[in-house]
Amino acid sequence: MSTFRINLKPVVAAAALAVGISAPLAAQEAGLDELFARLKTADAVDAARIDREIGMAWSQSGSPAMDLLLKRGRKALEAEDYAAAIEHFTALTDHAPDFAEGWNGLAQGLALTGRLGPAVEALEQALLLNPRQYGGDLRPRHGLRAGRPAGLAYDAYRLVLDLYPQHEEAQQSEAARAG
């Protein structure tokens, strides 16, 4: 009679790792749900604070190395070193393809270099991973509205206002549409 032995250590370790990873993500998502609920009714001052909290939560990949790539990519965008920004965000999306902020940053870098097709693709990936993303990717200076019918841009801003009624740029767009 042969005996079949299962080494449970790897199985237990994998299960513990899965629980260890999913528990913080579930807690973060619950925290975000609360922040978004508060954002809908906040005045302008509180909305700006809540917006910063949401941005900080979105910026946490769970990996110090990936957070560093995000930080470097954002600094490169601020310094208008778009080639470096694209390199950092590409590395980030290669190593953490499920991290929406990497795709969002990549979309911004690509748009700022005039590569609107790839920028839209990266933005679509960011929105697939984080459908509530309302950040900088909507700002006209990033060029993502270039060549698009005004109605689509207005529709995007309307969606932003559903999440974040105090969003200044979306309010301005809505006012322009109404005016």
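Note: hydrogens, waters and symmetry copies are ignored here, and every other heavy atom, side chains too, is used.
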Worksheet item: Side-chain contact, heavy-atom cut-off 4.5 Å: Asp43 with Gln166?
Response: no
Worksheet item: Name the one of Leu92, Leu69, Asn104 that satisfies side chain to side chain contact (heavy atoms under 4.5 Å, CB included) with Phe99?
Response: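 The passing option is Leu92.
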Discussion item. Taking Glu87 first and then Arg72, would you say they form a salt bridge - that is, a charged N and a carboxylate O separated by under 4.0 Å?
Written reply: no
Worksheet item: Without hydrogens or angle criteria, can the side chains of Glu101 and Gln60 be said to hold a donor-acceptor pair below 3.5 Å?
Response: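 Side chains of Glu101 and Gln60: no pair found under 3.5 Å.
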Item to complete: For residues Leu70 and Ser59, report the shortest heavy-atom separation together with the two atoms involved.
Response: CD2-O, 3.6 Å
Fill in: Atom pair OG/CG of Ser61 and Leu68 - distance to nearest 0.5 Å
10.0 Å
Which pairs of donor and acceptor atoms, one on a side chain in residues 111-131, lie under 3.5 Å apart (sequence neighbours left out)?
{"unit_1": "Thr113", "atom_1": "OG1", "unit_2": "Gly109", "atom_2": "O", "d": "3.3"}
{"unit_1": "Thr113", "atom_1": "OG1", "unit_2": "Leu110", "atom_2": "O", "d": "2.9"}
{"unit_1": "Thr113", "atom_1": "OG1", "unit_2": "Arg115", "atom_2": "NE", "d": "3.1"}
{"unit_1": "Thr113", "atom_1": "OG1", "unit_2": "Arg115", "atom_2": "NH2", "d": "3.4"}
{"unit_1": "Asn130", "atom_1": "OD1", "unit_2": "Arg132", "atom_2": "N", "d": "3.2"}

Worksheet entry | Lys/Arg-Asp/Glu bridge criterion (N-O < 4.0 Å) met for Arg38, Glu34 | yes
Worksheet, complete the sentence: Closest non-hydrogen atoms of Gly62 and Asp67, given as atom of the first, atom of the second and distance, are N-OD1, 4.2 Å
Worksheet item: In Å, rounded to the nearest 0.5 Å, how long is the span from CG of Leu35 to CE of Met56?
Response: 9.5 Å
Practice prompt. Might you work through the salt bridge (Lys or Arg N to Asp or Glu O under 4.0 Å) test for Arg49 and Glu53, ending with a clear yes or no?
Written response: CA-CA 6 Å; Arg49 183 184 48 75; Glu53 288 181 47; 2.6 Å; yes
Practice prompt. Say whether, by atom type as modelled, one donor and one acceptor occur between the side chain of Asp81 and the main chain of Ala76 under 3.5 angstrom.
Written response: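 Judged by distance alone, no pair lies under 3.5 Å.
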Practice prompt. Would you indicate whether the side-chain heavy atoms of Asp33 and Phe36 approach each other to under 4.5 Å?
Written response: no
Discussion item. For a side chain to side chain contact (heavy atoms under 4.5 Å, CB included) check, start with the C-alpha distance between Phe89 and Gln108, then their side-chain angles and the critical distance, and finish with the verdict.
Written reply: CA-CA 10 Å; Phe89 289 126; Gln108 291 177 25; over 6 Å; no
Fill in: Ala42 to Ala47 - nearest heavy-atom pair and separation
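Looks like CB-N, 3.6 Å.
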